[in-house]
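Residues take their numbers from the sequence shown, with the count starting at 1.
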Amino acid sequence: MRGGGDSPGSPRDPGGLGRPSRGPDGSEDPPHDPGGPRYWCAVAAARLGDGQPEAALEAARRAVDLDPRAEIGADWGYRLASLAFERLGRDAEAVAAAEEAVRLAPGSWAARMRLGTALRRVPGRWRESRAQAARAVRYAPEEPDPHVLVGDLALLRGEYRHAEAAYRDALRRTPDHPGARINLGLVALRWRRPRGHHDPAWPVDPRETGRTRHALEAWSRQTRVLLAAALVAVCAAAFGAGLAAEARIGGGLALVAVLVITLRQSHRVRLWPYVPGMFTRDLWLAVSVSVSLVSVAAYVAAIATLPPAFPSLAPGPVPGPPGGVWAALAGSVLFNGVAVLVLRVLAEAWCGRPVRALGHFAAVRGDRTARRDTDVTLWLVAGRAWSVPAVAACAALVLDDRRWAVAALATPFALGWVFARLRGLDGAVPMAVEALAADRGLAVALALPVASALLLGAAAVLSASGIGSSAGEWAWRAGTVLPAVPVGVFAVRSVRAWWRGAPGPWRASLVMCESCGDRLPGDAGPPVGLSGEVRAAFTHGRGVVLAYADPTGPRALAVGAVSSVAPNGELRLIAASDAWAAVERDPRVAVFVADPRGRRFWAEVRGIAVGDTEADLLRITPKEVVVGDYPGRHQGRSRRR
């Protein structure tokens with residue numbers, strides 16, 4: 001038994017360019033005609049694999065020009081042209097080429113996947129992209145790349161459960177698929193796109209929602225800065241110069257300025273119906289706007305309850321009203337930005353499961369995207385390690401009891417647990433060591449929280465035992481100072497990344513894997529063709545049988561003869577209505593024919609059936625061609641043709 005179609009070559013030699021490709025039984029497939037359409041398609045695929053999209057586009061165009069009637073699988077040329085357009089950033093042309101590939105081969109899973117991939121980059125066409133990706137999975141559930149595309153589309157919307165299921169489906173088929181591995185790590189981290197306020201399924205341009213988001217952010221930022229500056233001026237006038245009445249009047253005028261800012265920015269918001277959805281998708285945009293509203297209310301209350309003298313902030317009993325309440329109101333106006341920043345750092349550090357993500361990244365540790373995401377993930381681990389001693393020290397200070405600092409000892413134990421988990425994951429420890437060697441700031445950010453935790457734990461133990469007061473005091477001071485050092489390291493690393501335009505140590509630097517790795521995506525592979533003997537058998541045979549599945553199980557239907565065999569190998573046949581209904585449920589079919597000349601062999605084409613209602617035909621795009629000998633004297637012996 002042997003395959004009768006063209007076998008795809010390696011990513012560096014697609015289609016067997018430069019050497020003959022072989023079928024499963026070792027038989028040699030017909031070589032590409034030098035200068036023919038398939039030859040230039042193979043050249044385009046090779047150039048795409050070498051990172052030369054412009055040269056690949058030129059080769060794909062030559063292939064299409066040489067095959068104007070789609071006689072030799074022109075959908076391959078259009079698919080390669082679409083991929084080249086996409087890598088050149090010409091998204092509209094990529095979609096047009098992919099749509100032509102689907103028109104030429106509606107049953108090709110590769111054409112459907114190419115169109116779905118191209119559409120996801122076009123604003124407002126996410127739903128169409130998802131529909132094409134679902135068709136690609138339906139046509140070729142055994143292929144990993146359509147499952148990865150489904151997972152990518154789900155991940156872009158934050159549908160983590162659906163994305164994880166799709167990526168695991170892909171990994172069951174190809175365990176070392178780089179895109180599935182890296183993006184599954186992002187699922188574990190609960191990754192969201194930077195400025196993820198826009199839902200890809202919305203029928204609006206992301207630039208329009210971006211303008212709305214910018215207007216809301218500008219209103220929030222300008223309002224908070226204005227109120228903080230106004231409150232400082234009010235305090236200076238009331239407590240410094242003793243002009244409390246005048247200070248209240250001046251403070252009230254600041255609210256007029258806030259009203260002007262509000263009217264100005266609200267005029268720039270053109271998509272008010274989408275604002276609630278933007279708040280749902282972008283938590284920090286919602287927090288920023290909410291904090292600004294709270295700041296306005298706190299400012300109004302602070303101006304209305306302005307005390308005659310500044311409340312004392314010295315240690316001691318908590319001042320009673322109105323001084324204590326007023327100090328809280330003023331603090332919420334002046335320091336809300338710092339509070340939100342700290343809250344965001346902690347929330348982003350503790351979101352997701354970084355150890356699981358590192359395990360997925362380690363599976364493709366040689367990939368550049370995996371290395372980048374690994375470095376960012378280790379910074380998130382460092383943020384968690386820093387937060388424990390910092391919170392423990394703050395709790396001890398607020399409660400005025402150093403024994404609470406013993407909670408900081410959880411840091412070294414937690415990092416030890418992380419290291420133990422990484423040791424159980426193949427390649428994870430060497431990958432982490434490489435990241436630490438390349439980023440010394442990261443190594444410092446991980447080491448100092450451990451030292452701080454040990455010092456704070458020692459101070460807590462000594463304080464509880466009542467011995468070694470001088471040593472306990474020294475340990476306490478050093479332990480409370482050390483957490484400030486990683487903050488400085490993080491700031492320096494962030495500024496350097498911003499200055500160089502490089503990825504920074506923050507969650508927004510995590511990136512998806514899109515066509516990463518050395519392998520070409522599955523939609524760049526060649527179509528399956530029919531050899532001359534198989535084409536002749538289907539053209540002249542009168543005993544053609546169509547096999548398909550219906551709710552009662554597999555069925556076989558004699559169709560007599562194939563209506564026609566298209567130049568690109570597509571079979572077109574007339575079938576009964578129950579076969580049409582069956583292929584609507586499951587388009588995977590098989591067509592069987594015997595050699596009409598001497599009944600020496602039989603041929604089976606397994607492919608995808610798509611109904612052509614205008615011609616009243618089933619169009620079957622081949623996915624696999626199997627040829628075998630009838631049992632007889634030479635049973636069990638393969639023969640070459």
Side-chain angles (χ1 to χ4, degrees), residues 8 14 41 44-45 48 53 56-57 60-61 63-64 67 70 73-157 166 170 179 200-201 203 206 512-515 519-528 566 568-570 583-584 587-588 607-612 619-623:
C41 284
L48 282 169
L57 178 59
R61 280 174 167 168
V64 171
D67 191 15
D75 68 294
W76 190 17
Y78 279 108
R79 285 190 277 117
L80 293 169
S82 174
L83 182 57
F85 278 130
E86 181 182 284
R87 293 189 175 181
L88 291 170
R90 298 159 65 174
D91 295 334
E93 292 166 288
V95 171
E99 288 175 336
E100 185 64 16
V102 169
R103 186 188 69 81
L104 294 172
S108 168
W109 70 267
R112 296 289 182 177
M113 177 184 162
R114 176 90 292 275
L115 180 56
T117 304
L119 284 171
R120 79 174 184 175
R121 300 178 181 275
V122 179
R125 303 192 70 177
W126 182 91
R127 295 186 186 277
E128 297 175 65
S129 176
R130 184 177 62 176
Q132 295 297 333
R135 278 202 175 192
V137 170
R138 191 179 178 210
Y139 290 174
E142 73 282 358
E143 295 288 340
D145 290 315
H147 293 282
V148 173
L149 177 57
V150 170
D152 290 348
L153 292 171
L155 181 57
L156 289 173
R157 291 198 72 201
M512 287 181 66
C513 174
E514 298 182 45
S515 300
R519 66 186 293 275
L520 282 174
D523 55 13
V528 174
N568 62 357
E570 182 181 81
V583 299
E584 285 292 329
R588 293 172 294 173
I608 301 300
V610 177
D612 186 342
R619 300 174 60 180
I620 300 173
T621 302
K623 284 177 57 180

Colleague: Which residues pass the salt bridge (Lys or Arg N to Asp or Glu O under 4.0 Å) test with Glu514, not counting sequence neighbours?
Modeller: Arg120, Arg121

Colleague: Does Phe85 form a side chain to side chain contact (heavy atoms under 4.5 Å, CB included) with Asp91? I'd like the steps, not just the answer.
Modeller: CA-CA 7 Å; Phe85 278 130; Asp91 295 334; over 6 Å; no

Colleague: Looking at Ala84 and Pro53, what are the two nearest heavy atoms and their distance?
Modeller: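 Heavy atoms of Ala84 and Pro53 come nearest at CB-O, 3.6 Å.
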
Colleague: Considering only residues two or more places apart or on different chains, which pairs with a residue in residues 104-113 satisfy side chain to side chain donor-acceptor pair (under 3.5 Å)?
Modeller: Arg112-Gln132

Colleague: With sequence neighbours left out, write down each residue that passes side chain to side chain contact (heavy atoms under 4.5 Å, CB included) with Pro587, or none if nothing qualifies.
Modeller: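 So Pro587 forms a side chain to side chain contact (heavy atoms under 4.5 Å, CB included) with Arg138, Tyr139, Ile608.
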
Colleague: Give, for atom CG of Asp523 and atom CG of Leu149, the distance between the pair rounded to the nearest 0.5 Å.
Modeller: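 Interatomic distance, Asp523 CG to Leu149 CG, rounded to 0.5 Å: 8.5 Å.
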
Colleague: Taking all atoms of both residues into account, what is the closest heavy-atom pair of Leu104 and Arg619, and its distance?
Modeller: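 Smallest interatomic distance, heavy atoms only, reads O-NH2, 3.7 Å.
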
Colleague: Between Arg61 and Gly77 (side chain of the first, backbone of the second, donor and acceptor by atom type, cut-off under 3.5 Å), is there such a pair?
Modeller: no

Colleague: Can you list everything that forms a side chain to side chain contact (heavy atoms under 4.5 Å, CB included) with Ala166? Sequence neighbours excluded, please.
Modeller: Val150

Colleague: Could you work out, with side chain to side chain contact (heavy atoms under 4.5 Å, CB included) as the rule, every residue matching Ala170, not counting sequence neighbours?
Modeller: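 For Ala170, the residues satisfying side chain to side chain contact (heavy atoms under 4.5 Å, CB included) (neighbours in sequence not counted) are Pro144, His147, Val148, Ala180.
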
Colleague: For Leu83 versus Pro521, what's the shortest heavy-atom pair and its separation?
Modeller: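 The answer is CD2-CG, 4.0 Å.
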
Colleague: Between atom OG of Ser82 and atom CG of Asp75, what is the distance when rounded to the nearest 0.5 Å?
Modeller: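 Separation between the atoms: 12.0 Å.
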
Colleague: Checking Thr117 now: which residues fulfil side chain to side chain donor-acceptor pair (under 3.5 Å) with it, not counting sequence neighbours?
Modeller: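 Per chain and number, Thr117 pairs via side chain to side chain donor-acceptor pair (under 3.5 Å) with no residue.
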
Colleague: Residues in side chain to side chain donor-acceptor pair (under 3.5 Å) with Glu93, at least two apart?
Modeller: Arg90

Colleague: Excluding sequence neighbours, so at least two apart, what forms side chain to side chain contact (heavy atoms under 4.5 Å, CB included) with Pro141?
Modeller: Arg588

Colleague: In chain order, what residues pass the salt bridge (Lys or Arg N to Asp or Glu O under 4.0 Å) check against Arg157, with sequence neighbours excluded?
Modeller: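 Partners of Arg157 under the salt bridge (Lys or Arg N to Asp or Glu O under 4.0 Å) test: Glu159, Asp199.
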
Colleague: Rounded to the nearest 0.5 Å, how far does OG of Ser129 lie from CG of Leu115?
Modeller: 8.0 Å

Colleague: Indicate the atoms forming the closest heavy-atom contact of Val95 with Ala118, along with that distance.
Modeller: CG2-O, 3.7 Å

Colleague: What pair of heavy atoms forms the shortest contact from Met512 to Leu156, and how long is it?
Modeller: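 Of all heavy-atom pairs spanning Met512 and Leu156, the closest is SD-CD2, 3.6 Å.
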
Colleague: Compare all side-chain heavy atoms of Lys623 with those of Glu142 and state whether any distance is below 4.5 angstrom.
Modeller: yes

Colleague: Considering residues at least two apart in sequence or located in another chain, which fulfil the salt bridge (Lys or Arg N to Asp or Glu O under 4.0 Å) criterion with Arg125?
Modeller: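 Arg125 satisfies salt bridge (Lys or Arg N to Asp or Glu O under 4.0 Å) with Glu99, Glu128 only.
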
Colleague: To the nearest 0.5 Å, what is the distance between CG on Leu80 and CZ on Arg114?
Modeller: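 Rounded to the nearest 0.5 Å, the CG-CZ separation comes to 9.0 Å.
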
Colleague: Just by modelled atom types, is the Gly522 backbone N or O under 3.5 Å from a matching donor or acceptor in the Asp145 side chain?
Modeller: yes

Colleague: Treating Trp76 as the side-chain partner and Ala524 as the backbone partner, does any N or O pair qualify as donor plus acceptor under 3.5 Å?
Modeller: yes

Colleague: Mind listing the closest non-hydrogen atom pair of Leu520 and Ala45 along with its distance?
Modeller: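 Nearest pair, atom of Leu520 first, then Ala45: CD1-O, 3.3 Å.
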
Colleague: So, using side chain to side chain donor-acceptor pair (under 3.5 Å) as the criterion, who are the partners of Arg103 when residues are at least two apart?
Modeller: Glu100

